[in-house]
Amino acid sequence: MNVLKTIASRFAKALEAIGVEPEQYLDQIRPSQDPKFGDFQANCAMPLGKKLGKAPRDVAAEIVSNLDCSDFLEEPEIAGPGFINLRVKTDWLASLVQREANDQRLGVDKVEKPRKYVLDYSAPNVAKPLHVGHIRSTMIGNSLSRLLRFLGHDVVSDNHLGDWGTQFGMILYGYRNFLDEKAYQESPVEELARLYRLTRQLVEYRAAKSGIEDLRAKVDEASRALEAQKSARADAKAKDDAEKTKESKDALKKANKEFDRLAKALEAAREKLDGASSKIEAVESNPDLAKLAEGRETIGVDVLNETSKLHHGDAENLALWRRFMPQCLAEVDKIYDRLDVKFDETLGESFYNDRLAPLVERLKAAGIARETEGAIGIFFEGRDVPMLIQKSDGAFLYATTDLATLEYRRDRFRPDAILYVVDFRQSQHFEQLFEAAKFLDMGDVELVHVKFGTVLGDDGKPFKTRAGDVVGLKSLLDEAERRAAVIVEANDEARAPEDKFPEEEKRETARRVGLGALVYADLSQNRESDYVFSYDKMLAMNGNTATYMQYAYARVRSIFARGGIDAEKLRREFADGSRTLALGTPEERALAFELTNFQVALETVAKDYRPNWLTAYLYVLANKYSAFFEKCPVLKADDENVKASRLLLCDLTARTIAKGLELLGIQTVERM
Ligand code: ARG
């Protein structure tokens, strides 16, 4: 149950009784920061006092005298300028915890109004191996999918695979020109990935070659502009030294600002030039590559042609594509299996191919799209760039497919909301898409770009391998498991011979701990920020990590194992009235109270699709549990009812942690 919501609804009545429209004041009832002030605090008397022209303390007294909460709250206290401090009655709290402990759903209610969600996440381009960035979309989406379902919503997860884009042109070209047949027989996906990388490198090389003169000229121009501004700045400085007027100061400020802007522009131009130079250098310094690049002046266009042929149903390219696809998919599925990620639908870009041409025709006929420099685009009021849906060579774009996908989802799933869990760098695409959706008769379906930031290395730059490549997701998972295995092994060595884990359990523990750490580290970040990747931090036994949560869970399980406690029976004793939960110490009460906040945490995640609200909750819960565990002996408690009560708290804590982790896509272990 959501205690806060119950309080808010009682407050609503009290506010109405004193003639106030409650809506905007209910947000001001919040959990207290400090238990000294009770469990919740209502701060609405202050703004109301201002509005009604009364002393806030008097308003608070009026609210309290109309508040009907005595069934579960102690008499409210008015403090300071007019805070209303609220404290849940401890026996009511105890009976709530008893009920939650006897509920499969741990007391979490299903939503009153379920919504239909389509969740678009993971969606990798399958022609290349998954990389570190894919953990974000995949696991944020996976956790939202689990959590929304648990709250009672209707969810369709749809993996919008990139199975049709220019990358396939690269592979087709590579396959025709550079195939190593033997390598392909041995490991098709690795060979396809190599062909992809090689072709792309040569395409980029050619593009760099033909663009480098231009880039040089731009650097020259930018550095001339900067030189000129340097002297303009010196003049402004001299003038200001002599005059010291407001005008001269402003002029100097402006000159400085312009200098900084030009300095940045020069730096950016240099970076582009350096990028192109190093692409050229990489090929020309390698005789094999240089040879392959020879005579391929038109490789860029040739690759585009391969894609275009595929899209227009060329029999040979289509046959090759059909041959590659299962291999690419098998590779992606291996990762999903490891991470226990599932989809209800996998409708990749290729699925929409036949719908693109008719869609563009319809949009043109309806006057929604029109020609622009030979291409077709949708124009929006107040935006200078149109959304292109067909290029001048006839090719369709990423946006075209997304529009077709929108229509398809609208008709097939009739959703209330579609969530796109995609990198923030695609923000502009989604802004345009959502704008364009207004022309599509989408009803009032809510479209949300659930965006996320970048995974960074120690140097604060996007996480790369030492050789400078993007980090493959597979190697990331392997390494996390490997490091966890080292820890598991060390723990095992310290164990008495009769307690040692069998090999299989060690392996499975390392797998769950390693992958859990990785996933939790990702989900515990505010998704919109970038974060620095660190194996050591994510596997730490203390702190906001999966390892800490898994450890807290295992600790409870070991208490039950050691005490030979039957958890089912224990719960029943509290359900059938043969026992009453005792909350005799502040630590027990604080833990019990925190346990009742689980639903609030889940609802907070669902509000703006941020799993880090759940990890934050689990962390607070685990800390309250630690404080309780330190102060309150469990198996050694001297009173039978106190012992049973503490065991019940342990049991519900462990189940809440396990459920929370499960909703994040993380497994627990029985011992660690
Ligand atoms: N395949 C795309 C990429 O890797 C992501 C697709 C996201 N979903 C969508 N409907 N656009 O960048």
Side-chain angles (χ1 to χ4, degrees), residues 117-142 144-145 155-171 193 196-197 200 307 311 321 324-325 328-329 331-333 335-336 341 343-353 355-356 359 378 387-389 396-413 415 417-437 440 442 445-455 462 470-473 527 609:
Y117 281 98
V118 170
L119 255 59
D120 182 317
Y121 59 93
S122 197
N125 297 332
V126 293
K128 30 185 188 174
L130 301 199
H131 59 74
V132 48
H134 288 114
I135 189 132
R136 305 221 69 189
S137 174
T138 305
M139 296 319 288
I140 295 171
N142 179 57
L144 293 176
S145 162
V155 175
V156 178
S157 54
D158 180 12
N159 194 0
H160 189 72
L161 290 178
D163 59 359
W164 201 238
T166 18
Q167 325 99 37
F168 275 96
M170 302 259 184
I171 295 196
Y196 170 79
R197 282 194 301 267
R200 195 183 61 177
T307 314
H311 289 181
W321 178 80
F324 302 153
M325 270 311 284
C328 295
L329 290 181
E331 199 63 13
V332 180
D333 279 341
I335 301 264
Y336 292 149
V341 169
F343 298 92
D344 301 307
E345 301 287 339
T346 296
L347 300 170
E349 293 179 9
S350 63
F351 177 79
Y352 299 96
N353 188 47
R355 296 166 191 263
L356 305 183
L359 170 68
I378 300 180
M387 179 165 93
L388 290 189
I389 56 174
F396 301 111
L397 294 98
Y398 183 50
T400 329
T401 310
D402 256 330
L403 284 172
T405 308
L406 260 179
E407 288 195 326
Y408 179 83
R409 287 174 176 165
R410 173 198 67 194
D411 296 341
R412 169 145 178 230
F413 304 120
I418 307 179
L419 311 185
Y420 297 85
V421 187
V422 185
D423 196 312
F424 80 100
R425 281 170 288 199
Q426 295 193 25
S427 295
Q428 199 198 9
H429 166 73
F430 286 105
E431 279 163 25
Q432 289 188 331
L433 182 68
F434 298 169
E435 194 87 14
L440 287 189
M442 293 294 296
V445 44
E446 184 194 8
L447 300 173
V448 189
H449 179 193
V450 178
K451 49 184 112 168
F452 54 80
T454 309
V455 183
V470 284
V471 179
L473 186 49
R527 62 175 161 76
Y609 315 119

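In listed order, ligands and their atoms are each counted from 1. We're numbering straight along the sequence, starting at 1.
Not a single salt bridge (charged side-chain N to carboxylate O under 4.0 Å, His left out) links D163 to another residue, sequence neighbours left out. For Y609, the ring-ring contact (aromatic ring centres under 6.0 Å, His included) test picks out no residue, with sequence neighbours left out. Judged as a side chain to side chain contact (heavy atoms under 4.5 Å, CB included), and not counting sequence neighbours, the contacts of L397 are L388, K391, T400.
When all heavy atoms are compared, the tightest approach of L356 to T401 is CD2-CA, 3.8 Å.
Annotation: the span from S122 atom OG to N142 atom CG amounts to 9.5 Å, rounded to 0.5 Å.
The backbone N or O of F424 lies less than 3.5 Å from a partner atom in the side chain of S427, making a donor-acceptor pair.
For a heavy-atom separation below 4.0 Å, the residues in contact with ligand 1 are D120, A123, N125, H160, Y398, D402, Y420, V422, Q426, F430.
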